[in-house]
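Please read the structure below before turning to the comments.
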Amino acid sequence: MMDIQEFKERIKNIESLGYIPTLRKGDTGVGQTLEQHLGLVENNLSLPDLGGKVELKAFRKSTDSMLTLFTKEPLSDYGRGRDRYLLNTFGYTSSEEDRTLNLYTTVSANIYNSQGFSLEVSDEGLFLVHKDVDLNIYWPHELLKNVFEQKLPELVVVLADTKDSDFNETFHYNEAYYLEGFSFQGFMSNIEQGNIKVDLRMHMKTNERVRNHGTAFRIIKSELYNCFDKRVKIL
C-alpha cells in the first residue's frame, strides 16, 4: 500500500521521464496512463499516512472541461414518483426505439436553461426550479456536505502538459497538489457562480419504466481547489 512519501518519490520519477506516450485513447488516457506508471489499480489510490482513502485525479493543463464530483438525488414532495413526474412534465420525445421520453439537461444557478430549469441557493439548501412550474425539489445543505465529504475527503491532483492527440498523445506530469478539508462555503460559492452544474440524466422506456443514470454534480476543473480549505504543492 502506497504512502504519501512513496507517492512523492514516484511522481518525481515520472516527472523526470518527460513526455510519456498515452496508454489509452481519449479523455481518460491522462489518468489511466499515470496510474499505470504509478503501479496502481485504476481509480484507487490509498495513502494511509493521510488518514484514509485519497482520490487521485489527473488533468490536462490544456483543457478545462467538467469533472464529476458525485451523483446525488434530491429530496422532493413527489417521493419515489419524482423522476416520473419530471419526465411526464418536462421530458421530450426520444428518437431511440426502446424509449418514449428523455430528460437530459445541464442546469446552472441564476440562469434558466433552454428547458426552463435553474438552480437556486437558499438558507435551506439548493433548489431545482423551473420558470413556469412550481417545484419542491431540493438538496439540503447537510446532504450535500455529507456526500462530498464521503466521496472526496482528500484529493491528489496531478496536472500534465500534452502533445499531439489520440493514440499519439503524450503527457508530461509536472505539477501535483494535495487537497484536504472540504470547504462548504467554497462549494456553494462555485454553484452560485455557475462553476458547478447539475446534470439531470433520465429517460422512460417503452414499457413505461423510468431509468435514472444519476443526478450528477460537475465542476470546472480549475475551480476544484476552491472546494477545499488546504492545498499543498507536492510537485
Side-chain angles (χ1 to χ4, degrees), residues 1-72 106 147-183 186-187 190 195-197 199 201 213-214 216-235:
M1 187 176 291
M2 188 185 305
D3 62 24
I4 186 60
Q5 188 57 43
E6 184 179 358
F7 174 80
K8 289 179 179 179
E9 292 172 359
R10 290 194 189 185
I11 197 65
K12 288 178 181 178
N13 288 335
I14 293 172
E15 190 272 338
S16 69
L17 297 175
Y19 283 89
I20 300 171
T22 187
L23 298 176
R24 177 183 292 174
K25 179 180 178 181
D27 186 59
T28 58
V30 63
Q32 199 270 346
T33 301
L34 176 61
E35 289 171 347
Q36 289 289 323
H37 281 273
L38 286 168
L40 298 171
V41 177
E42 201 166 342
N43 295 322
N44 182 22
L45 174 60
S46 184
L47 302 176
D49 282 1
L50 299 179
K53 182 178 178 181
V54 179
E55 287 284 330
L56 172 66
K57 301 292 185 184
F59 305 144
R60 297 168 177 83
K61 292 183 182 180
S62 58
T63 61
D64 203 11
S65 57
M66 304 291 288
L67 166 73
T68 298
L69 292 170
F70 54 81
T71 61
K72 189 62 182 179
T106 297
V147 70
F148 191 106
E149 290 178 335
Q150 291 171 8
K151 178 63 177 177
L152 296 167
E154 302 166 37
L155 194 64
V156 169
V157 175
V158 180
L159 305 176
D161 287 317
T162 63
K163 291 182 179 179
D164 302 318
S165 60
D166 296 331
F167 282 120
N168 295 319
E169 189 173 19
T170 58
F171 305 111
H172 185 202
Y173 301 96
N174 53 20
E175 194 173 348
Y177 299 91
Y178 163 63
L179 310 177
E180 72 169 337
F182 174 53
S183 170
F187 174 79
N190 266 314
N195 299 324
I196 293 178
K197 306 176 188 297
D199 284 355
R201 306 181 299 179
H213 295 278
F217 283 72
R218 298 192 302 136
I219 187 170
I220 296 173
K221 290 178 180 177
S222 61
E223 301 298 329
L224 179 62
Y225 305 110
N226 297 324
C227 292
F228 292 85
D229 291 322
K230 182 178 178 181
R231 176 171 71 167
V232 178
K233 188 174 177 63
I234 295 174
L235 181 65

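The two residues Ile20 and Ile14 come nearest to each other via the heavy atoms CD1-CG2, 3.7 Å. Scanning all heavy atoms of the two residues, the minimum distance from Val158 to Ala176 falls at CG2-CB, 4.0 Å. In plain terms, the two heavy atoms of Lys12 and Leu235 that are nearest each other are CG-CD1, 3.9 Å. Of all the heavy atoms in Asn190 and Cys227, the pair that sits closest is ND2-SG, 3.6 Å. Considering all non-hydrogen atoms of both residues, Ala58 and Gly31 come closest at CB-CA, 3.8 Å. Closest heavy-atom contact between Glu15 and His172: O-NE2, 3.0 Å.
Between Arg218 atom CZ and Thr106 atom OG1 the span is 5.0 Å, to the nearest 0.5 Å. Here the straight-line distance linking atom CG of Leu179 with atom CZ of Arg231 works out to 7.5 Å at 0.5 Å rounding. Atoms CD1 and CE, on Ile196 and Met66 in that order, are 8.0 Å from each other to the nearest 0.5 Å. Atom NZ of Lys151 is separated from atom NZ of Lys72 by 12.5 Å, given to the nearest 0.5 angstrom. One distance of note links CG of Leu23 with CZ of Phe171; it measures 8.5 Å at 0.5 Å rounding. Put simply, OH on Tyr178 and CZ on Phe7 are 12.0 Å apart, with the number rounded to the nearest 0.5 Å.
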- [ ] List the steps and the verdict of side-chain hydrogen bond (donor to acceptor under 3.5 Å, both in side chains) for Ser65 and Lys221.
- [x] CA-CA 6 Å; Ser65 57; Lys221 290 178 180 177; 3.2 Å; yes
Open item on the list: One pair to check against side-chain contact (heavy atoms from CB on, under 4.5 Å): Glu175 and Asp161. What are the steps and the verdict?
Closed with: CA-CA 9 Å; Glu175 194 173 348; Asp161 287 317; over 6 Å; no
Open item on the list: Before you tell me yes or no, could you show the steps for Phe148 and Phe228 under ring pair (Phe, Tyr, Trp, His ring centres under 6.0 Å), namely the whole-Å CA-CA distance, both residues' side-chain angles and the distance that decides it to 0.1 Å?
Closed with: CA-CA 11 Å; Phe148 191 106; Phe228 292 85; 5.7 Å; yes
- [ ] Would you check, one step at a time, whether the test side-chain contact (heavy atoms from CB on, under 4.5 Å) holds for Leu56 with Leu38?
- [x] CA-CA 11 Å; Leu56 172 66; Leu38 286 168; 3.8 Å; yes
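Ring geometry for Tyr225 versus Tyr177: interplanar angle over 60°, hence perpendicular rather than tilted (30 to 60°).
Without hydrogens or angle criteria, Tyr173 side chain to Val30 main chain gives a donor-acceptor distance under 3.5 Å.
Every side chain to side chain contact (heavy atoms under 4.5 Å, CB included) that Glu9 has, sequence neighbours left out, goes to Gln5.
With a 4.5 Å cut-off on side-chain heavy atoms, Leu224 and Leu155 count as touching.
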